[in-house]
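Working notes, structure below.
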Amino acid sequence: MATAATVALTSARLLRLPRKLSPPPTAISLSSLSSLAPSALFKMGLFQSRSSAAVPPGKLTVRAARTESERVSLGFRAPQFQLPEPLTGKMWSLEDFESYPALLVMFICNHCPFVKHLKNDIVKLTNFYMKKGLAVVAISSNSVATHPQDGPEFMAEEVKAFNYPFPYLYDESQDVARDFRAVCTPEFYLFKKDGRRPFELVYHGQFDDSRPSNNVPVTGRDLSLAIDCILSGQPVSSTQKPSVGCSIKWHPEVKV
């Protein structure tokens with residue numbers, strides 16, 4: 001039989017144990033989306049939202065993490081693509097940019113805090129350099145099964161809200177993200193074009209050193225320097241810091 005002293009000692013030890021609660025599972029709140037009107041394109045059924053599509057019974061596995069862009073060899077040729085622009089319904093392809101000396105491809109999305117942190121400055125930077133001859137296109141490849149706020153109807157609203165000067169395309173199959181070897185948002189690919197040669201990668205790095213919580217001002221310095229070099233015919237430094245952001249939200253696996 002336990003003595004009163006033993007019970008008291010055991011209770012004291014239990015009280016000293018750290019109490020850690022498992023974090024609640026990530027949930028998607030749709031209440032913040034209720035004020036946004038779906039685009040006419042979505043209503044017309046031009047795009048299928050995977051969030052409303054039937055999902056086979058089973059356990060959904062969703063992967064999400066802070067991610068760095070993976071190294072892609074400089075000289076990598078821009079993959080072909082053909083993707084819709086939710087705002088207009090127009091189909092865009094790599095050939096639409098063939099007449100430009102340089103092309104910036106950005107993988108972004110609506111919800112990621114790393115993208116939100118840079119949105120206004122991405123608009124400023126692209127507006128500035130598009131007037132100097134840079135072609136720009138943005139692509140969202142996130143699964144709307146897990147992140148419906150990144151779906152095409154809300155992409156169209158995003159373009160209007162932030163006055164994107166570039167087309168914002170929807171990669172529903174995620175094949176284009178895989179072809180580019182993209183893994184995070186934001187992720188920047190800067191290609192140059194010499195005459196009839198294909199677009200070749202010269203910069204695959206960060207926007208700048210600023211992050212949502214590090215109090216470093218957003219300047220766009222790293223990407224701007226690379227663009228300046230291309231447009232002035234100068235070589236781009238091969239020393240490039242990877243972009244950091246949210247992982248691309250791949251379509252969830254279904255485990256039976």
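Keep in mind the model is a prediction, meaning the values are calculated, not measured.
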**Residues forming a side-chain contact (heavy atoms from CB on, under 4.5 Å) with Leu225, sequence neighbours excluded** = Arg221
**Prompt:** What pairs with Ser237 under side-chain contact (heavy atoms from CB on, under 4.5 Å), at least two apart in sequence or on another chain?
**Reply:** Thr239
**Prompt:** Aromatic rings Phe180 and Phe81: how do their planes relate, parallel, tilted or perpendicular, breaks at 30° and 60°?
**Reply:** tilted
**Request:** Mark yes or no for whether Gln174, through its side chain, and Lys249, through its backbone, hold a donor-acceptor pair below 3.5 Å.
**Result:** yes
**Step-by-step side chain to side chain donor-acceptor pair (under 3.5 Å) determination, Gln234 to Ser232** = CA-CA 6 Å; Gln234 302 299 314; Ser232 63; 4.8 Å; no
**Message:** Holding to ring-ring contact (aromatic ring centres under 6.0 Å, His included), I want the full list of residues that pass it with Phe97, two or more places apart in sequence or in another chain.
**Reply:** Trp92
**Message:** Checking Asp209 now: which residues fulfil salt bridge (charged side-chain N to carboxylate O under 4.0 Å, His left out) with it, not counting sequence neighbours?
**Reply:** Lys241
**Request:** List the steps and the verdict of side-chain contact (heavy atoms from CB on, under 4.5 Å) for Leu74 and Val236.
**Result:** CA-CA 10 Å; Leu74 300 181; Val236 178; over 6 Å; no
**Item:** Results of side-chain contact (heavy atoms from CB on, under 4.5 Å) for Ala138 - residues two or more places apart only
**Value:** Met106, Ile108, Phe166, Tyr168
**Side chain to side chain, Tyr129 and Asp228, heavy atoms closer than 4.5 Å** = yes
**Prompt:** Which residue pairs pass the salt bridge (charged side-chain N to carboxylate O under 4.0 Å, His left out) test when at least one of the two sits in residues 124-138, sequence neighbours left out?
**Reply:** none
**Asked** Take atom CG in Asn215; do more than 12 heavy atoms of anything else shown fall under 6.0 Å from it?
**Response** no
**Pairs meeting criterion salt bridge (charged side-chain N to carboxylate O under 4.0 Å, His left out) with involvement of residues 196-206, two or more places apart** = Arg197-Glu200
**Prompt:** Which residue pairs pass the disulfide bond (SG atoms under 2.5 Å apart) test when at least one of the two sits in residues 87-165, sequence neighbours left out?
**Reply:** Cys112-Cys246
**Message:** Suppose we screen for side-chain contact (heavy atoms from CB on, under 4.5 Å). Which residues come up paired with Asp175, at least two apart in sequence or across chains?
**Reply:** Ser173, Arg178
**Message:** Does anything in residues 167-196 form a disulfide bond (SG atoms under 2.5 Å apart)? List the pairs, not counting sequence neighbours.
**Reply:** none
**Prompt:** Under the side-chain contact (heavy atoms from CB on, under 4.5 Å) criterion, do Tyr203 and Asp222 qualify, and how do the steps go?
**Reply:** CA-CA 10 Å; Tyr203 182 79; Asp222 296 56; 3.3 Å; yes
**Prompt:** Does NZ in Lys193 sit with more than 12 non-hydrogen atoms of other residues, nucleotides or ligands closer than 6.0 Å?
**Reply:** yes
**Prompt:** At what distance, to the nearest 0.5 angstrom, does CG of Leu223 lie from CG of Asp208?
**Reply:** 9.0 Å
**Message:** Between His204 and Glu187, is there a side-chain heavy-atom distance shorter than 4.5 Å?
**Reply:** yes
**Asked** Mind checking whether Glu95 and Gln80 have side chains closer than 4.5 Å, heavy atoms only?
**Response** yes
**Asked** More than 12 heavy atoms of other residues, nucleotides or ligands under 6.0 Å from CZ of Phe76: is that the case?
**Response** yes
**Results of ring-ring contact (aromatic ring centres under 6.0 Å, His included) for Phe188 - residues two or more places apart only** = Phe207
**Item:** Under 3.5 Å: donor-acceptor pair, side chain of Ser210, backbone of Val216
**Value:** yes
**Request:** Applying ring-ring contact (aromatic ring centres under 6.0 Å, His included), name anything that partners His111, two or more places apart in sequence or on another chain.
**Result:** His147
